[in-house]
Number of protein chains: 2
Amino acid sequence: MFLTSHRRDHHLANAILFDTPETLSDVFLRQPSEHLAGGQSLFFEGDEARHVFEVTEGSLRVFRIIADGRRVITGFAHEGDVVGVSLRSAYPYSAEAICETRVRRLSRRSFDAATQENELLRNQVFARLCDEMAAAQDQMVLLSSKTAEERLCTFLLKHMKRTLSKQALQPVLDIPMTRLDMGDYLGLTIETVSRMISKLIARGVISPVGRHAIRVNNPSLLAQMAGDGDECEDQRRLVAGGRRH
Amino acid sequence: MFLTSHRRDHHLANAILFDTPETLSDVFLRQPSEHLAGGQSLFFEGDEARHVFEVTEGSLRVFRIIADGRRVITGFAHEGDVVGVSLRSAYPYSAEAICETRVRRLSRRSFDAATQENELLRNQVFARLCDEMAAAQDQMVLLSSKTAEERLCTFLLKHMKRTLSKQALQPVLDIPMTRLDMGDYLGLTIETVSRMISKLIARGVISPVGRHAIRVNNPSLLAQMAGDGDECEDQRRLVAGGRRH
DNA sequence: CGGTCTCTTGAGTTAAATCAAAGGCGGTGG
DNA sequence: CCACCGCCTTTGATTTAACTCAAGAGACCG
């Protein structure tokens, strides 16, 4: 389980918060931040789940290796996200730094204690779990019924929304992960990912800015191509007979 | 969000539990059970999330209708499962009875109150959320990297495990859902689902028992065909270079 | 500046989707 | 009780989107 922070507003001086944490991040504030080089593992699937981590800088990929050796990335954790939350004794997935990354570590005991006693924190954990669940369902929709093009556009759009909130209206989007990461996340091969990126570039929707960044020229077209429709509420009640499985 | 019960042991007389619920089911015990005919909707995606439901009999499909009218089933809820748990004001999915089904309804206020004040219940909700999250990740693995055959076998196996626990060693497995339901859950068309079922029958792995039940002749072969390997721990640490996206 | 790794592009293959049609089961009414 | 109708399911033929295989291009590093 990894928990995505939607907003992290530090209203109050951190010093005050050490003893009465108001946000999940506050709980981690006392911990020293640890550095991970790109590609370095934080923990492996099956390891005893002794710690919970907050990402303070950089990004992690969260994945499983399946029977035949293939990798399935179930999500990415970015600044402010918490990874390793679970009730099981072992981590159900591995986590690895995509790029230079910093995390704060907290023992599960401490984390559990903090969230058990503090209703505010508890609700935040619950809220994040719910959001993560919703994200997982979105991903299921993507994997079970979107085309390669729609998957890529959805991915870019999601990362745009995440970055946009902090980087104002800057249209240059950092993509720290490799094509392989994207492929393993989107259920596609690197070749298909590459082809779809080329297609978007050819159509002028995006422009390449080195290998790990793009400029989004036409966000609304990108959104349209992501195939989420307008989430048109009315249509939901009709049991529309659209085909394609 | 819907929560799966792993075990529902009523150690104590229910009467005693009314005031001090020990399990999530106990919270629903006072509520009258409502009947749903097959195909009947419990709630729609986007509806205001006023209630939480416990399935006491039968099964529900939990799904979303996407932009082009297609349906994606994100899960099924069976006896003992709780559906509708979320923090959002609106349900993020629809829920519909697959067959004759009974549910107990609880207002979100009551449910939240009960779980806020009772640590035991709260932990159960948390545990179920974690399990559901793990199931969602399994489903992502299935959708992003399993073949049609593996998907079907995984599906049958999962339902076998669920049913087995209560119906002893009886190898006849009820499949209340239609081929369309299976397809929308597994990311396949009804034709492909049907073909894969025929293939399993031809190979003698299963035998048809009417339309909505099968006999599993060779559970271990079925497990092998599900493609989950032996979850061999050692292989996990090797960054094996298996192909297929 | 050579080596390695990542990415791109092209050509051919394939698993599953689509299109099409027939078969079986269940319900309804004569 | 049987005939008919509608729905779900099965099976077959064809198409297609994405995968696989292959080779070349660009980036990064010692």
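All values below come from the heavy atoms of this structure, side chains included, with hydrogens, waters and symmetry mates left out. Computed from a prediction, not measured in an experiment: that's the story for all the values here. In what follows, chains carry the letters A, B, and so on, assigned in the order in which the sequence lines appear, proteins first and then strands, with residues in each chain numbered from 1.
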Every protein N/O lying under 3.5 Å from an N/O of nucleotides 9-11 of chain C:
from: dT9(C); atom 1: OP2; to: S198(A); atom 2: OG; distance (Å): 2.3
from: dG10(C); atom 1: N7; to: R195(A); atom 2: NH1; distance (Å): 2.9
from: dG10(C); atom 1: O6; to: R195(A); atom 2: NH2; distance (Å): 3.3

Between E100(B) and H35(B), is any side-chain donor less than 3.5 angstrom from a side-chain acceptor?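 Judged by distance alone, the side chains do pair up.
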d([atom1], [X]; [atom2], [N]) in whole Å:
{"X": "L152(B)", "N": "dA15(C)", "atom1": "CG", "atom2": "C1'", "value": "15 Å"}
{"X": "L180(A)", "N": "dC5(C)", "atom1": "CG", "atom2": "P", "value": "14 Å"}
{"X": "I214(A)", "N": "dC7(C)", "atom1": "CD1", "atom2": "P", "value": "14 Å"}
{"X": "I175(A)", "N": "dC7(C)", "atom1": "CD1", "atom2": "P", "value": "12 Å"}
{"X": "I201(A)", "N": "dC7(C)", "atom1": "CD1", "atom2": "C1'", "value": "11 Å"}
{"X": "E149(A)", "N": "dT16(D)", "atom1": "CD", "atom2": "P", "value": "17 Å"}
{"X": "L142(A)", "N": "dA18(D)", "atom1": "CG", "atom2": "P", "value": "11 Å"}
{"X": "R179(B)", "N": "dA16(C)", "atom1": "CZ", "atom2": "P", "value": "18 Å"}

With a 4.5 Å heavy-atom cut-off, do L42(A) and V103(A) have their side chains touching?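 Touching, per the 4.5 Å side-chain cut-off.
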Flag the pair M177(A) / F155(A) as yes when at least one side-chain heavy-atom distance between them is below 4.5 Å, and no otherwise.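 In contact.
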What donor-acceptor contacts under 3.5 angstrom involve side-chain atoms of residues 198-205 of chain B, with partners at least two apart or in another chain?
from: S198(B); atom 1: OG; to: S194(B); atom 2: O; distance (Å): 3.0
from: K199(B); atom 1: NZ; to: E149(B); atom 2: OE1; distance (Å): 3.1

Check: protein-nucleotides 25-30 of chain D nitrogen or oxygen pairs below 3.5 Å:
none

Walk me through it: do S207(A) and N217(A) pass the test side chain to side chain donor-acceptor pair (under 3.5 Å)? CA-CA 7 Å; S207(A) 303; N217(A) 302 315; 2.8 Å; yes
I'd like to know if the side chain of R70(A) reaches the main chain of S145(B), judged simply by a donor and an acceptor atom lying under 3.5 Å from each other, with no hydrogens or angles considered.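 At least one qualifying donor-acceptor pair exists.
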Keeping K146(A) on the side-chain end and V141(A) on the backbone end, is there a donor-acceptor pair under 3.5 Å?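 No, K146(A) side chain to V141(A) backbone: no donor-acceptor pair under 3.5 Å.
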Test applied, side chain to side chain contact (heavy atoms under 4.5 Å, CB included); reference residue, M182(B); option that passes from I190(B), I175(B), I73(B), T192(B):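 With M182(B) as partner, side chain to side chain contact (heavy atoms under 4.5 Å, CB included) holds for just one option, I175(B).
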Residue L188(A), side-chain atoms from C-beta onward, closest of dA16(C), dC19(D), dT9(D):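 Of the options given, the side chain of L188(A) lies nearest dC19(D).
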Does F63(B) have R71(B) sitting over its ring (NZ/CZ under 6.0 Å from centre, angle to axis within 45°)?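 Verdict for F63(B): a cation-pi partner in R71(B).
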Taking only side-chain N and O atoms of T189(A), does any of them lie within less than 4.0 angstrom of OP1 or OP2 on dA18(D)?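 For dA18(D), neither OP1 nor OP2 has a side-chain N or O of T189(A) closer than 4.0 Å.
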